Amino acid sequence: MGLLLPVCSICIYILKIFPFKIYPSPIAIGISAIIISWSILRYHLFDLVSFAHTIIIKEMSTGMIILDNAGAVLEVNPAAQNMLNISLPLSSNNSIKTVLKSYPLMIEAFESQICRTHEIYTKTASGFNYCEVSLKRLINSDNVQVGWIYQIYDVTNRKLEEEKIKKSATLDALTGLINRTYFEKVFSGSLEASKISGTSLAVAYLDLDNFKLVNDTYGHDAGDALLRTVADRLKAVLKGSGIVSRYGGDEFAILFASVD
């Protein structure tokens, strides 16, 4: 209504059906402005735009960095600032090389102009955070590239779970030594290497005599404590000269990858 009112007033004036001898357009424009202003306030149009921007950009858990085609950083949302520990400088020239100077892989990805995904890690007070970074083009409705966007996902929990799975597959949960499966894999690799290089290797195999008596007399907790103690002593004595594994219940195997 607000937009059509001035158009209608002009049509009425041209057709000479306006009953008063005045030009009606200024009055129509004034009324139109009142209608449009009321509509904006009534339907919170400006508030909606701000609210949508806040929800989509500022409050999302995914980090976002928006750049133009020249590499100027237009916006960094709070999630990206927290994950990468960065902030926009106060200068108007916020180039990617300035904002992301601590992340050369991200700069290299932008300079190559290739959409790709890679992982980076950031150091924090409690350790490391792992992030998956995805670079994508921004295309408008006319299929013209208008910029680039980095999408950053915190994958720390996934990485930690992967590390746990990896450790559980290679380490003995009780003693912290490598397990039998991984020891045999290391042994096979060392054997092949010794054949190629012409060097010798050695394997020491040992078990604890009467270990069952410890379990039967003092309980399995005492037996577990004994196994951990033996593992710690073996590591302390060898001082890295051999690879120690818990080969079975009370059995240990040590690989010396190179011996005279």
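If you read the sequence from its start, that first residue is 1, and numbering goes on from there. Scope of the values below: all heavy atoms of this structure, side chains included, with no hydrogens, waters or symmetry mates. These figures come from a predicted structure and were not determined experimentally.
- Judged by distance alone, with hydrogens and angles left aside, the side-chain atoms of Asn69 form a donor-acceptor pair with the main-chain N or O of Gln145 at under 3.5 Å.
- Counting only distance, with no hydrogens or angles, the side chain of Ser241 and the backbone of Leu238 share a donor-acceptor pair below 3.5 Å.
- Residue Leu15 places its CG atom among more than 12 non-hydrogen atoms of other residues, nucleotides or ligands, all under 6.0 Å distant.
- One distance of note links CG of Asp207 with CD of Glu251; it measures 6.0 Å at 0.5 Å rounding.
- Residues Asp232 and Thr229 have side chains that never bring a donor and an acceptor to within less than 3.5 angstrom of each other.
- In this structure, the side chain of Arg246 does not engage the main chain of Gly176 through any donor-acceptor pair within 3.5 Å.
- Separating the CG atom in Leu135 from the CZ atom in Arg116 is a distance of 8.5 Å, to the nearest 0.5 Å.
- Judged purely by atom type and a 3.5 angstrom limit, Arg180 has no side-chain atom pairing as donor or acceptor with the backbone of Phe183.
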| field | Evaluation steps, side-chain hydrogen bond (donor to acceptor under 3.5 Å, both in side chains), between Asn179 and Thr181 | value | CA-CA 6 Å; Asn179 59 25; Thr181 302; 4.6 Å; no
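- A salt bridge links Glu111 and Lys97; the closest N-O separation between the charged side-chain nitrogens and carboxylate oxygens is under 4.0 Å.
- In terms of heavy atoms, Met60 sits closest to Asn77 at CG-ND2, 3.7 Å.
- Between Leu105 and Glu108, the closest side-chain pair of non-hydrogen atoms falls below 4.5 Å.
- Using a 4.0 Å cut-off between charged nitrogen and carboxylate oxygen, Lys159 and Glu163 do not count as a salt-bridge pair.
- Using cut-offs of 30° and 60° on the angle between ring planes, the pair Tyr247 and Tyr205 is perpendicular.
- Atoms CD1 and CG, on Ile139 and Asp142 in that order, are 11.0 Å from each other to the nearest 0.5 Å.
- How far CG of Asp68 is from OG of Ser95: 10.5 Å, rounded to the nearest 0.5 Å.
- A donor-acceptor pair is defined here as one N or O able to donate and one able to accept, closer than 3.5 Å; no such pair exists between the side chain of Ser32 and the backbone of Ala28.
- Proximity of a side-chain donor or acceptor of Tyr103 to a complementary backbone N or O of Tyr121 within less than 3.5 Å is not detected.
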